[in-house]
Visitor: 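Below is one structure. I have some questions about it.
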Amino acid sequence: MTTITTREARQISAANASGRPTALLVHGLWLLAESWDAWREHLEDAGYAVVVAEWPAEVADVEAARRDPSFFAGVGVGEVTDHLAEVAAALAVKPLLIGHSFGGLLVQRVADRGLAAATVAIDPAPFKGVLPLPLTTLKASFPVLGNPANRTRTVTLTFDEFRYGFANATTEDEARALYEAHHIAAPGRPLFQAATANFNPKAATRIDVKNPERGPLLVISGEKDTIVPRAIAHAAYRLQSRNAAVTEFVEIEGRGHSLTIDSGWVEVADAALAFAAQHVPQPVA
């Protein structure tokens, strides 16, 4: 039985009919698909068809998510990867994969299945084998990992927790606006899966970094990110550099984990497009 939603199916049909190169966007924890709305328009203006992926059980909007904060409870890395792979495989051409945070991990796992024209992982959550564990990551993850019961339920961040983990590099006014516009409860299970991966031989977050079918990869890191600081993102880059395909690393100065949704998002989108211009068949002018 297909896991593709009605909304995704409409986007896939439009992308396949367009004849354009396609970008598949994947969000991370504490956000919904609608967090990519500005990116969608920007990438369409650049000539791409755009499909914005949903996680299994995802609801339509932030208002609905806040009415039922438990809707993501129990969703894990494996289920989301399988769903994204189904979406990518339904596209007429291999897509440019772009993912943020846990979405950045997920797009690397989809690329590992040979389904990507190229991949951009933005402040990606760590996969199995990424060893650095900075204190800022522990502090930012503690609202979830501090209680083992969160493995099977969802967690809503307080504003102060969101400010530290997501929006530490913005003004307080912008941080509050982002919290009100985008923040929703997230499943705890993916964080536990990532946190225990290096002790689990069958970890859900494992990737074959030498897989020749992976395709080109860009890792983008926000200089001031606390939850996925440079040490984690660059360690992922170093491991992925074992691949025969192109692997690049870009650090965006002065930016935190909110870099895909805050006022500086265009700089990040344009870095992704510049990489894609070198590795993805480009739109016909």
Visitor: Following the transitive rule for hydrophobic clusters with a side-chain heavy-atom cut-off under 4.5 Å over Ile, Leu, Val, Met, Phe, Trp and Tyr, establish whether Trp55 and Leu115 coincide in one cluster.
Guide: yes
Visitor: Please answer: with hydrophobic residues joined when any side-chain heavy atoms are less than 4.5 Å apart, are Tyr48 and Val120 in the same cluster?
Guide: yes
Visitor: Between Thr119 and Gln108, is any side-chain donor less than 3.5 angstrom from a side-chain acceptor?
Guide: no
Visitor: Please report the shortest heavy-atom distance between Ala65 and Leu32, naming the atom on each side.
Guide: CB-CD1, 4.1 Å
Visitor: Do Leu259 and Phe249 belong to the same hydrophobic cluster, where Ile, Leu, Val, Met, Phe, Trp and Tyr are linked whenever their side-chain heavy atoms lie under 4.5 Å apart, directly or via other members?
Guide: no
Visitor: Report yes or no: do Ser70 and Asp68 form a side-chain donor-acceptor pair below 3.5 Å?
Guide: yes
Visitor: Tell me, with the steps shown, if Val219 and Leu217 meet side-chain contact (heavy atoms from CB on, under 4.5 Å).
Guide: CA-CA 7 Å; Val219 177; Leu217 170 68; 4.2 Å; yes
Visitor: I'd like to check the side chain to side chain donor-acceptor pair (under 3.5 Å) partners of Asp61; sequence neighbours left out, ordered by chain and number.
Guide: none
Visitor: Heavy atoms, side chains only, cut-off 4.5 Å: are Leu178 and His183 in contact?
Guide: no
Visitor: Compare all side-chain heavy atoms of Leu96 with those of Pro21 and state whether any distance is below 4.5 angstrom.
Guide: no
Visitor: Please assess Arg214 against Gln240 for the test side chain to side chain donor-acceptor pair (under 3.5 Å), listing each intermediate value before the final yes or no.
Guide: CA-CA 10 Å; Arg214 188 206 70 188; Gln240 288 280 18; 2.9 Å; yes
Visitor: When you check the gap from the basic side-chain N to the acidic O, do Arg230 and Glu251 get nearer than 4.0 Å?
Guide: yes
Visitor: Do Leu24 and Leu273 land in one hydrophobic cluster if side-chain heavy atoms of ILVMFWY residues count as linked below 4.5 Å?
Guide: no
Visitor: When you check the gap from the basic side-chain N to the acidic O, do Glu267 and Arg255 get nearer than 4.0 Å?
Guide: yes
Visitor: Before accepting this row, confirm whether a basic side-chain N of the pair Arg109/Asp82 lies closer than 4.0 Å to the acidic partner's carboxylate O.
Guide: no
Visitor: For the pair His83 and Glu58, evaluate side chain to side chain donor-acceptor pair (under 3.5 Å) and give the outcome as yes or no after the intermediate values.
Guide: CA-CA 12 Å; His83 171 70; Glu58 184 161 332; over 6 Å; no
Visitor: Quick one: do Arg176 and Glu180 make a salt bridge, cutoff under 4.0 Å?
Guide: no
Visitor: Where is the tightest heavy-atom contact between Ser263 and Glu174, given as atom of each residue plus distance?
Guide: N-OE2, 2.7 Å
Visitor: Indicate yes or no for a side-chain donor-acceptor contact from Thr158 to the backbone of Glu161 under 3.5 Å, with no hydrogens or angles considered.
Guide: yes
Visitor: Just checking, is any N or O donor in the side chain of His42 or Asp270 under 3.5 Å from an acceptor N or O on the other one?
Guide: yes
Visitor: How many angstroms lie between OG1 in Thr260 and NE2 in His182, if you round to the nearest 0.5 Å?
Guide: 8.5 Å
Visitor: Between Trp36 and Val50, is any pair of side-chain heavy atoms under 4.5 Å apart?
Guide: no
Visitor: For the pair Phe275 and Glu248, evaluate side-chain contact (heavy atoms from CB on, under 4.5 Å) and give the outcome as yes or no after the intermediate values.
Guide: CA-CA 9 Å; Phe275 180 76; Glu248 296 182 6; 3.6 Å; yes
Visitor: Evaluate the side-chain contact (heavy atoms from CB on, under 4.5 Å) criterion for residues Ser241 and Thr247: first the C-alpha distance (whole Å), next the side-chain angles of each, then the deciding distance (0.1 Å), finally the verdict.
Guide: CA-CA 6 Å; Ser241 293; Thr247 308; 4.0 Å; yes
Visitor: Do Thr226 side-chain atoms and Thr136 backbone N/O form a donor-acceptor pair below 3.5 Å?
Guide: no
